[in-house]
Number of protein chains: 2
Amino acid sequence: MVHLNRQIDGATPGFARPLSKSERTRQRILDSAARVFASKGFAGVSLRDIASAADTKAGSLYYHFASKDELVEAVLRHAIEEMHQHVRDAVDAAADEGAAGRLKAAISAHTESVMERTDYAKALLRISSQIPDDVRERHNKHARAYGEYWGQLFNDARDEGAIRVDLDLTLARLLVLGAMNWTVEWPASLWSPESITSTLNKIVFEGIGTDDVDEEAVRALH
Amino acid sequence: MVHLNRQIDGATPGFARPLSKSERTRQRILDSAARVFASKGFAGVSLRDIASAADTKAGSLYYHFASKDELVEAVLRHAIEEMHQHVRDAVDAAADEGAAGRLKAAISAHTESVMERTDYAKALLRISSQIPDDVRERHNKHARAYGEYWGQLFNDARDEGAIRVDLDLTLARLLVLGAMNWTVEWPASLWSPESITSTLNKIVFEGIGTDDVDEEAVRALH
DNA sequence: GTCTATAAGCGGATAGAC
DNA sequence: GTCTATCCGCTTATAGAC
């Protein structure tokens, strides 16, 4: 699964200038690194592992990246931009469905990214707590923009009256994102992304509880 | 924060035989390993790191553990048993509150384990995807028992009529556990475990939406 | 039981041939 | 641009003194 989103990595959005050999190799290394990082973590992966997955040699990586840290930073940067773009596209496509509809679309898109779309999203979620501090600090700057985008989605839905007001909205957002992100730790998925997002959206918006059974009332019966 | 649950590690439950020097050292090494694994992952941690945290030398670890793999396996085993015990205690204490009340108690207890109780839980969640395959396979055997315990909690709540029947209950359980587990990835927690469990239980049982929440009824209960 | 010393090998990174 | 060869520090693990 090769990604050629030059709107993301390149400097000339929209233009179809063919990739140079060097750019193609660089991309192949990034893709391989994402795949290997996603399955084995950060520290557990050697540059020889990555080179082998990219069908080249460890020494050759240094023509494209100055260090392992710089390579992983590029992977994380690509990952967050790709996820953000995928979610933004889904939200834009649901533009006229109201804030609650847009939030649901975002939840579906983010889950899709984690579960099936690319190794970049999986690598991002799996290794962002294992990387050197300076790399993480730079990465957090990009990640924060994505978090704030989600904050806006939640705020809009609440302003629309679709979210109850007795919730800490930041906390709610982090918990919902956590439920999606943790799917990266599931073994081979027995469920389709559709069934997962459907179930998650039901739980998030309506809860698992039945309407007619009230917790306090149930307790009072005993 | 040292743990002396000999019901878990030892063979003689309930009896207060003093720990031998060797047992105490072994426990100190385990505690230190859990702490270091929790913050730096598995592959990124050297035996010197662990030894240093336990105030001893790398070579000395081999008197207590045959290999790094065996050490991490002991950490994971302790972690899962401690979490399971903590949740079971909370559920037992809520025995007469109905199945839904017991499930809420379990959610609170599991979140507590992840957020503040021990380094073991954090290490478990952070590294279980990074360890060698054979270690993970043995670990999964123990983890499965814990998963089945949660499955029973959800089943009981549904049988009681407290959970809507249009949900894939296994999927719901995994998503709810995921929301809790992902809190391990949060930076320094700005929230108390109480506010987190309160918000999470609201979302899980009632959802974030306003559609099916009877505001009058909620207010009347307080 | 714990230490020091060390073996054997893997890690990131560099130099220089092609 | 990519390769091979290599440096050198760090890793797990062992041996043997105390």
#### Entry: Criterion side chain to side chain contact (heavy atoms under 4.5 Å, CB included) on B:K68 and B:F42, from CA distance to verdict
CA-CA 10 Å; B:K68 189 185 181 185; B:F42 174 69; 3.7 Å; yes
### Message
Let me spell it out: for each of A:G44 and A:A66, pick the nucleotide of DNA chain C with the closest heavy atom. Which residue's pick is nearer the 5' end?
### Response
A:G44
### Task
Check the pair B:H142, B:R77 against side-chain hydrogen bond (donor to acceptor under 3.5 Å, both in side chains), reporting the backbone distance first and the verdict last.
CA-CA 7 Å; B:H142 299 284; B:R77 187 177 154 80; 3.1 Å; yes
### Query
Tell me: CG of A:L61 to C1' of C:dG11, nearest whole Å?
13 Å
### Gap between atoms CG and C1', on A:L71 and C:dA13 respectively (whole Å)
14 Å
### Query
What integer distance in Å separates B:D49:CG from D:dG9:C1'?
15 Å
### Query
Can you find a heavy atom in the side chain of A:W191 that is under 4.5 Å from one in the side chain of B:T170?
yes
### Task
Report yes if at least one side-chain N or O of A:T25 is closer than 4.0 Å to OP1 or OP2 of D:dT2; otherwise report no.
yes
### Task
Measure the distance from NE2 on A:H64 to C1' on C:dA13 and round it to the nearest whole Å.
16 Å
#### Entry: 5′-ward residue of the pair A:R48/A:S60 relative to DNA chain D
A:S60
#### Entry: Below 4.0 Å: OP1/OP2 of C:dG12 and any side-chain N or O of A:S67
no
### Message
Please report the distance, rounded to the nearest Å, between CZ in A:F65 and P in D:dT2.
### Response
12 Å
### Task
Take A:Y62 and B:K21, find for each the nucleotide of DNA chain C with the closest heavy atom, and name the residue whose nucleotide sits nearer the 5' end.
B:K21
### Task
Using atom CG of A:D55 as one end and atom C1' of D:dC3 as the other, report the distance to the nearest whole Å.
13 Å
### Residue A:Y63, side-chain atoms from C-beta onward, closest of D:dT11, D:dG1, D:dC3
D:dG1
### Query
Taking atom C1' of D:dA13 as reference, at what distance in whole Å does atom CD1 of B:I50 sit?
14 Å
### Task
Check every atom of D:dA13, D:dT11, D:dG1 against the side chain of B:L47 and return the nucleotide holding the closest atom.
D:dA13
### Query
Would you say the side-chain atoms of B:R136 pair up with the backbone N or O of B:I131, donor to acceptor, closer than 3.5 Å?
yes
### Task
Looking only at side-chain atoms of B:S46, point me to the closest of D:dT12, D:dC3, C:dG12.
D:dT12
### Message
Looking at D:dT2, I'd like to know if its phosphate oxygens (OP1 or OP2) sit under 4.0 Å from a side-chain N or O belonging to A:K57.
### Response
no
### Query
When you measure from the side chain of A:S22, which nucleotide among C:dG12, D:dG1, C:dG1 comes out closest?
D:dG1
### Query
Which one of B:H86, B:E82, B:E112 satisfies the side-chain hydrogen bond (donor to acceptor under 3.5 Å, both in side chains) criterion with B:T118?
B:E82
### Message
Using whole Å, what does the distance between atom C1' of nucleotide D:dT2 and atom CZ of A:R26 come to?
### Response
17 Å
